[in-house]
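Below is one structure, written out as structure tokens; the observations come after it.
Each chain gets a letter, A, B and so on, in the order the sequences are listed, and its residues count up from 1. What you are looking at is a predicted structure, and each value in this text was computed from that prediction instead of being measured.
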2 protein chains.
Amino acid sequence: MDVHVTIEDNQARFLRCIGEATRLRILKLLAGGERCVGEIVEFLDKEQSSVSHHLRALKDCNIVVVRQEAQKIYYALADPGLAELVLKIEDIMKEVPLCHNLAGDCE
Amino acid sequence: MDVHVTIEDNQARFLRCIGEATRLRILKLLAGGERCVGEIVEFLDKEQSSVSHHLRALKDCNIVVVRQEAQKIYYALADPGLAELVLKIEDIMKEVPLCHNLAGDCE
DNA sequence: CATTCATATAAATGGATGTTCATGTAACCA
DNA sequence: TGGTTACATGAACATCCATTTATATGAATG
């Protein structure tokens, strides 16, 4: 099979993991400190199951770390650099407009 | 239908556009200056058609800009901040290992 | 004007990914 | 022990996305 994983494959996987609206919102939330699943679900107003799947995806990419306390499970950013990265992205996107060609409005 | 596009939708779309191994390699190449399609195809060693699709994706996200000169068409990064972003990503990924759980090796 | 070169596009196909529904599990409590 | 809370998991389904094959466009060249 010779599945040769390149540096770009890994970086791309990482970016795709971050590149999902719900997961991006989770990252922004966690930038403010760790949260348990219940809090994240409430914040997102989405199905608990869906959130759980997203959290797993983030965990599989080592973007978040997990801590258990009694029945509750807390998620936190694995690295403070991730919060900076999100800021950097927002920064760049001010100069690289993307509304173009998108369905719907962008105010 | 009220398709409400959030900031995170746009940012996610941008990240997914960058989050593809081939397109990431294109970005890294263009970080060294503009290139025509033929050069990009040769560099990537991929089908011309496939490369063309990727270039279109990058263009649709305003990540690259296009310039025509005779029969040749040159692509370049739309913003120098994009090259910085790639560096930032590589930087963070040094601290957030991703080889974990991936199929194949990662040397 | 026919041909070639450089690039784009359209349709078909297969694989990845997000959501939901249903169920599983582990901790806590009465 | 039985029930509840908190979260994870698996299967099914739908949608998105990358690749390929084939064809089209448009500029140059003879």
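Here the P atom of nucleotide dG18(C) and the CD atom of E20(A) are 5 Å apart, to the nearest Å. In this structure, CG of L55(B) is placed 10 Å from P of dT7(C), rounded to the nearest angstrom. Atom CZ of R23(B) is separated from atom P of dT19(D) by 8 Å (rounded to the nearest Å). Distance L15(B) CG to dG18(C) P: 13 Å, rounded to the nearest Å. Atom-to-atom, CD of E47(A) to P of dC7(D) comes out at 15 Å; the value is rounded to the nearest Å. Taking atom CG on L24(B) and atom P on dA18(D), their separation rounds to 13 Å, with Å as the unit. Rounded to an integer number of Å, the gap from Q48(A) CD to dC21(C) P is 13 Å. In this structure, the CD1 atom of I73(B) is 11 Å from the P atom of dA28(D), given to the nearest Å.
An OP1 or OP2 oxygen of dT17(C) is reached within less than 4.0 angstrom by no side-chain nitrogen or oxygen of H54(A). Proximity of R16(A) to the phosphate of dA16(C): no side-chain N or O atom is located under 4.0 Å from OP1 or OP2. At the phosphate of dT19(C), OP1 or OP2 sits under 4.0 Å from a side-chain N or O atom of K46(A). For the OP1/OP2 pair of dA8(D) and a distance below 4.0 Å, the side-chain nitrogens and oxygens of R56(A) include no atom meeting the criterion. Distances shown here put every side-chain N or O of Y75(A) at or beyond 4.0 Å from the OP1 or OP2 atom of dA6(D).
With distances taken from any side-chain atom of H53(B) to the nucleotides dT9(C), dT7(C), dT9(D), the minimum falls on dT9(C).
A donor-acceptor contact under 3.5 Å is not formed by the side chain of S49(B) with the base of dT7(C).
Counting non-hydrogen atoms of other residues, nucleotides and ligands closer than 6.0 Å to CD of E42(B) gives a total of 12 or fewer.
The distance from the NE2 atom of H54(A) to the CD atom of E47(A) is 11.0 Å, given to the nearest 0.5 Å. How far CG of L24(A) is from CG of L15(B): 6.5 Å, rounded to the nearest 0.5 Å.
Annotation: of the two residues near DNA chain C, S50(B) and A57(A), the 5′-most nearest-nucleotide partner is S50(B).
R13(B) has no carboxylate O lying under 4.0 Å from a charged side-chain N of D9(B), or vice versa, which leaves the two without a salt bridge.
In this structure, the side chains of T22(A) and R25(A) stay at 4.5 Å or more apart for every pair of heavy atoms.
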